[in-house]
Amino acid sequence: MTLRTRFAPSPTGFLHIGGARTALFCHLHTRRHQGTFVLRVEDTDTERSTQEAVAVILEGLHWLGLSPDEGPFFQSHHTQRYLEVVQELLQAGHAYVCTCSKERLDALRERQRENGDKPRYDGLCRELHLPADPQRPHVIRFKTPREGETLWEDRIQGAIRISNGELDDLILVRSDGSPTYNLAVAVDDHDMGITLVIRGEDHISNTPRQIHVFKAMGWEIPDYAHMPLLHGSDGAKLSKRHGAVSVLQYREEGFLPSALNNYLARLGWSHGEQEIFTRAELEQLFDISALGRSAAIFDQAKLLWINGHHIRAATPEQLLPELAYQLTRLGVEPPPSPETLATILPEFQSRAATMVEMAQKCRFLFIDSVQPYEEKAARKHLTTAMRDPLAALAATLETLPEWTIAALESAFQSTLETFHLSMGQLAQPLRVALTGCGASPGILETLWMLGQDKSLNRIQAALDHLAARQP
RNA sequence: GUCCCCAUCGUCUAGUGGCCUAGGACGUCGGCCUCUCACGCCGGUAACACGGGUUCGACUCCCGUUGGGGACGCCA
């Protein structure tokens, strides 16, 4: 049987890093086994589901390169089908009408909690055979077997068994006539021919409920693989309201999708001592059978390291759009030409852990003035003693026939000799003049990237700055 | 509270009874390289939660304790 998996987000908010990891694992495992990856939007909660959330989730998946082979399908389009299944269940005696009020249910749960019991429906309407009277508010519940236990061989967790006595009669159809999650999931997983359900560990408790629906309908039960959750630095599950941010936020912060995928894959999974993986390698190597069973904590520091690695490994062309984007966010408008960016980009690849950082570090090339200087750097390096050497260097640079690294180097060297200066003694003041701060790529490369006009202007500006400080 | 799951350096992990005086990576600390900042390179720091078994021998198997997490909705 060929593998069919699905990723099933609910559109009640953005796609966060934990959801992205689930989607990634599912996608990777499916690729590895030449299966089909289906995307299904679980929007049975019409109150909380929004179109905006759907769009944002799709965008997040697309950015990570996790686009589905089939879908997106929407559960809200399958309502009729779910209700048909419920009719079958009702007729076969696997479901029943329940008229218990929410108030009664709340009171019941409170009492059970006080007694130290597990809160659950007591089955008051279970044997009443109430009619589905449209005039009287009611829900439809599944008649969960009271005896026995439900067990499955989880592909990640191993054997899991839960006695049916732990379960209550879940609601299949709400009083407004809409189907609920557990019904919809079971029906769709069957209808879509899903053979392997890969999802978060937080769904373990739903699995026996869904298996019961499968059994009642006489359907073949899929395999299940419940992956360990992602935790925040406090050790608690990452969720929308707890520490997790949208994956698109990572794009804004200058992370590469290849890096995020690489990092996420290493959370719970490993392949020997390899840390860096390309997407192609992951699709070749990743398998849920190699997953660990314990939750992992999200570590931004390691993500940064991996992102830096992917930035260094990328070609300038690959990074170009991202750099242009980040530069405009920093107010460099319009962004420099692709040719210009491709020329300077290699100088910054080993100097940035994120594309935001890269934009910040090369921004000086594209602005009109780098003043005011970073105070500490200016105070330390831009001293009056440097006036003559800088002026002399400027004079030499002005007459340079060609603006090449080699030409710049000889001009620089001759100035050093004339004034008996060491490399650093001249490079640092010049660096402050050119960039406004004390750190940049090599000084010759910096001059070269900046170009003759801007370099001369900035040296002159620095000399003016020094003159202004003179009494 | 009840049920389910988990447990190796701060973090991610390797380890499937002897190869482990526990390996790698991030971080951190020190050093090298060096015109600055990075990159790179070298080195240090740091862990098998605890208690019982099983065994000639346990990080590895079993039980318990403790700790952590998850689930207990007319949410998904």
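The structure displayed is predicted, hence computed values, not measured ones.
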Exercise for the section: Map F298(A) and A301(A) onto RNA chain B by nearest heavy atom, then report which one ends up closer to the 5' terminus. Expected result: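 Its nearest nucleotide lies further toward 5', so the answer is F298(A).
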
Fill in the blank from the handout: Between D43(A) and A290(A), the residue closer to the 5' end of RNA chain B by nearest nucleotide is A290(A)

Could you work out the separation of [N] and [M] based on their [atom1] atoms and round it to a whole Å?
{"N": "U60(B)", "M": "G43(B)", "atom1": "C1'", "value": "31 Å"}
{"N": "U21(B)", "M": "U16(B)", "atom1": "P", "value": "14 Å"}
{"N": "C48(B)", "M": "G64(B)", "atom1": "P", "value": "23 Å"}
{"N": "U45(B)", "M": "G27(B)", "atom1": "C1'", "value": "11 Å"}
{"N": "G24(B)", "M": "G18(B)", "atom1": "C1'", "value": "22 Å"}
{"N": "C72(B)", "M": "A58(B)", "atom1": "P", "value": "42 Å"}
{"N": "A14(B)", "M": "C61(B)", "atom1": "P", "value": "14 Å"}
{"N": "C6(B)", "M": "U13(B)", "atom1": "P", "value": "15 Å"}

Quick one: [X] [atom1] to [N] [atom2], roughly how many Å, whole number?
{"X": "L230(A)", "N": "C6(B)", "atom1": "CG", "atom2": "C1'", "answer": "15 Å"}
{"X": "K302(A)", "N": "C26(B)", "atom1": "NZ", "atom2": "P", "answer": "7 Å"}
{"X": "Q210(A)", "N": "A71(B)", "atom1": "CD", "atom2": "C1'", "answer": "13 Å"}
{"X": "Y181(A)", "N": "A76(B)", "atom1": "OH", "atom2": "P", "answer": "9 Å"}
{"X": "I162(A)", "N": "C72(B)", "atom1": "CD1", "atom2": "C1'", "answer": "11 Å"}
{"X": "L291(A)", "N": "C5(B)", "atom1": "CG", "atom2": "C1'", "answer": "15 Å"}
{"X": "M423(A)", "N": "C33(B)", "atom1": "CE", "atom2": "P", "answer": "17 Å"}
{"X": "I160(A)", "N": "G70(B)", "atom1": "CD1", "atom2": "P", "answer": "16 Å"}

No-H, no-angle donor-acceptor pair, [X] side chain to [N] base, under 3.5 Å:
{"X": "S205(A)", "N": "A71(B)", "value": "no"}
{"X": "Q112(A)", "N": "G1(B)", "value": "no"}
{"X": "T180(A)", "N": "C74(B)", "value": "no"}
{"X": "R351(A)", "N": "C37(B)", "value": "yes"}
{"X": "N206(A)", "N": "A76(B)", "value": "yes"}

State the pairing partner of [N]; accept Watson-Crick or G-U wobble contacts with both distances under 3.5 Å, and report none otherwise.
{"N": "C72(B)", "value": "G1(B)"}
{"N": "A38(B)", "value": "none"}
{"N": "A46(B)", "value": "none"}
{"N": "U66(B)", "value": "A7(B)"}
{"N": "G18(B)", "value": "C56(B)"}

Handout entry: Salt bridge D188(A)-R81(A), side-chain N to carboxylate O under 4.0 Å
Key =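 Salt bridge absent between D188(A) and R81(A).
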
Problem - D169(A) bridged to K143(A) by N-O distance under 4.0 Å - result: no

Is it true that [X] and [Y] have ring centroids separated by less than 6.0 Å?
{"X": "H203(A)", "Y": "Y181(A)", "value": "yes"}
{"X": "Y373(A)", "Y": "H465(A)", "value": "yes"}
{"X": "F286(A)", "Y": "F277(A)", "value": "no"}

Would you mind classifying the nucleic acid contact of [X] as base, sugar-phosphate or nothing, using non-hydrogen atoms under 4.0 angstrom?
{"X": "S175(A)", "answer": "base"}
{"X": "L304(A)", "answer": "nothing"}
{"X": "C100(A)", "answer": "base"}
{"X": "S350(A)", "answer": "base"}
{"X": "Q157(A)", "answer": "sugar-phosphate"}
{"X": "T44(A)", "answer": "sugar-phosphate"}
{"X": "H381(A)", "answer": "nothing"}
{"X": "R293(A)", "answer": "sugar-phosphate"}
{"X": "I171(A)", "answer": "base"}
{"X": "D45(A)", "answer": "sugar-phosphate"}

Among [options], which nucleotide sits nearest the side chain of [X]?
{"X": "R266(A)", "options": "C6(B), A76(B), G24(B)", "answer": "G24(B)"}
{"X": "P119(A)", "options": "U13(B), C4(B), G1(B)", "answer": "G1(B)"}
{"X": "E42(A)", "options": "C4(B), A76(B), C35(B)", "answer": "A76(B)"}
{"X": "W305(A)", "options": "U2(B), C4(B), G27(B)", "answer": "G27(B)"}

Problem - Option passing side chain to side chain contact (heavy atoms under 4.5 Å, CB included) with F348(A) (candidates E357(A), Q360(A), M449(A)) - result: M449(A)

Handout entry: Residue from L183(A), I171(A), V86(A), L83(A) passing side chain to side chain contact (heavy atoms under 4.5 Å, CB included) with I140(A)
Key = V86(A)

[X] vs [N]: side-chain N/O to OP1/OP2 distance below 4.0 Å:
{"X": "S270(A)", "N": "A25(B)", "result": "no"}
{"X": "R113(A)", "N": "U2(B)", "result": "no"}
{"X": "R109(A)", "N": "C74(B)", "result": "yes"}
{"X": "R312(A)", "N": "G40(B)", "result": "yes"}
{"X": "K237(A)", "N": "A71(B)", "result": "yes"}

Handout entry: Parallel, tilted or perpendicular: rings of H271(A) and W269(A) (30°, 60°)
Key = parallel

Practice task
Fit a plane to each ring of F142(A) and H212(A), take the angle between them on a 0 to 90° scale, and name the class: parallel (under 30°), tilted (30 to 60°) or perpendicular (over 60°).
Solution key: parallel

Practice task
Classify the side-chain pair S440(A)/R431(A) by whether it contains a donor and acceptor separated by less than 3.5 Å.
Solution key: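 Short answer, yes.
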
Handout entry: Side chains of L61(A) and F7(A) in contact at under 4.5 Å (non-hydrogen atoms)
Key = yes

Handout entry: pair T207(A)-I211(A): side-chain heavy atoms closer than 4.5 Å
Key =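 Yes, their side chains come closer than 4.5 Å.
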
Practice task
Name every residue in residues 426-444 of chain A that has at least one heavy atom under 4.0 Å from any atom of RNA chain B, in order of residue number, or write none if there are no such residues.
Solution key: A427(A), Q428(A), R431(A), G438(A), A439(A), S440(A), P441(A), G442(A), I443(A)

